[in-house]
Every structure is written in structure tokens, then in C-alpha cells.
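If you're wondering where the values come from, they're calculated on a predicted model, not measured in any experiment.
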Amino acid sequence: MFIFAPLYKFAFAPNAEWGSLKPFSTWRHVWRIMWRSLSSRKYRSLYPSKITDPPEFENNGKNSEKMQIKASWQGDENNCDKCENSCCAQISCPMLDKQGRCLSYGSIYFGYLYCGRYPSNQGQVDLYNCPKWEVQS
């Protein structure tokens, strides 16, 4: 695992400082999400994308034709770092820094997997009780 540390850093958190990375926590978290995806049909159905789908590095609702930011959202349009109810905080993601910013934002992991594709449907918003997103009317 240590031999491939530069590769992991590039794939999971290219802009993070080496000291802020938690490799064991990150791998434990990745395995937890993979297990949840394999074992929970409901969770899997909320994220219908396939690994062969093109990446979405900067979704934030801009690429989504179905979702929009609620008028009541008080935080920044481009991140959720002020939200104590964010999906990242709820699943105790090890890629959050002390300010609540995602260290993985813009990485290969982020773009190809669930983080970069959130939100794409109302079920995802309901799962995390997200105060930022709603279905476009």
C-alpha cells in the first residue's frame, strides 16, 4: 500500500497535503461504501450510474437537468462545507478537512464514483435529508 501512495494520492486527493491524508481510514471508508453498494439494493438503485459512464467532475447541479439549488440554501453554491447535514459528514468521510472541504474534489475517485454524481434524483436527496437540492419544477 505504501509503495503506491503517490498513485492513491493522485486518484483520491490530488490537491491535499500529504499530512492531511489518512490512508487507512480512506481505504476502510471505500470498502464500507463498496459493501453498502453491493449489499443494499435500495442504495444501489439510488445511484444507477455504471463505472463505464463518463465522469462528472463538477456536477454541483450544473450538469443536472433534474436538480436545482433550493431558494432557502444559505451556503455557497459550489460546495456544502457549511452544511452540518451534508452527505459527506453523515457518512464520516475521511476526505473532509477541518473546514469541511472535500480533499477529494476533482479527483478521479470523485468524478467516476458517487460523489461527483450527487445529486441526480430525489431519492438521493431524501436519503441524506439534504437541505440544498430539490427536483426542478
Side-chain angles (χ1 to χ4, degrees):
M1 188 159 108
F2 293 107
I3 295 170
F4 294 109
L7 179 63
Y8 295 145
K9 184 181 179 312
F10 174 75
F12 288 98
N15 299 319
E17 300 284 328
W18 279 98
S20 63
L21 297 177
K22 306 170 200 162
F24 293 110
S25 297
T26 301
W27 276 111
R28 186 175 64 237
H29 179 72
V30 169
W31 285 112
R32 200 174 347 157
I33 296 298
M34 288 172 56
W35 176 252
R36 188 179 194 187
S37 300
L38 293 171
S39 64
S40 172
R41 182 174 292 189
K42 179 182 177 193
Y43 186 77
R44 200 170 44 242
S45 70
L46 293 176
Y47 293 91
S49 59
K50 295 173 181 50
I51 196 71
T52 56
D53 290 347
E56 293 189 28
F57 290 109
E58 294 185 22
N59 186 355
N60 289 322
K62 294 180 181 88
N63 297 335
S64 177
E65 297 172 1
K66 300 175 192 170
M67 306 304 290
Q68 67 184 13
I69 296 174
K70 289 181 181 178
S72 61
W73 175 248
Q74 299 296 314
D76 186 358
E77 179 179 310
N78 294 320
N79 63 58
C80 297
D81 62 345
K82 300 296 180 203
C83 180
E84 295 176 7
N85 202 33
S86 71
C87 50
C88 309
Q90 289 186 42
I91 62 173
S92 302
C93 181
M95 299 308 288
L96 289 179
D97 68 6
K98 292 177 181 154
Q99 289 78 35
R101 292 281 169 107
C102 178
L103 297 173
S104 188
Y105 187 80
S107 69
I108 294 169
Y109 171 80
F110 186 92
Y112 276 99
L113 298 176
Y114 298 151
C115 300
R117 300 183 189 283
Y118 181 85
S120 59
N121 60 56
Q122 186 63 45
Q124 292 174 355
V125 172
D126 293 344
L127 176 68
Y128 297 110
N129 195 21
C130 179
K132 181 178 180 179
W133 298 101
E134 65 184 354
V135 174
Q136 276 188 357
S137 33

Backbone N/O of Gln136 and side chain of Gln68: donor-acceptor pair under 3.5 Å
no

Tyr43: what forms a ring-ring contact (aromatic ring centres under 6.0 Å, His included) with it, not counting sequence neighbours?
Tyr47, Tyr114

Using the side chain to side chain contact (heavy atoms under 4.5 Å, CB included) definition, which of the options Ser92, Pro94, Cys93 pairs with Ser25?
Pro94

To the nearest 0.5 Å, tell me how far Gln122 CD sits from Met67 CE.
5.5 Å

Closest contact, heavy atoms only, Ser45 versus Lys42
OG-O, 2.7 Å

Run the side chain to side chain contact (heavy atoms under 4.5 Å, CB included) test against Trp35 and tell me which residues pass, sequence neighbours left out.
Ser39

Return the NZ to CD1 distance between Lys132 and Ile69, rounded to the nearest 0.5 Å.
4.5 Å

Is there a continuous path of hydrophobic side-chain contacts, each under 4.5 Å between heavy atoms, that joins Tyr118 to Leu96?
no

Sorted by chain and number, sequence neighbours left out, side-chain hydrogen bond (donor to acceptor under 3.5 Å, both in side chains) with Ser40 holds for none

Let me confirm one number: the CG-NZ distance from Leu103 to Lys9, rounded to the nearest 0.5 Å.
9.5 Å

Interatomic distance, CD1@Ile91 vs NE2@His29, rounded to 0.5 Å, equals 4.0 Å

To the closest 0.5 Å, what do you measure between CE (Met95) and OG (Ser107)?
7.0 Å

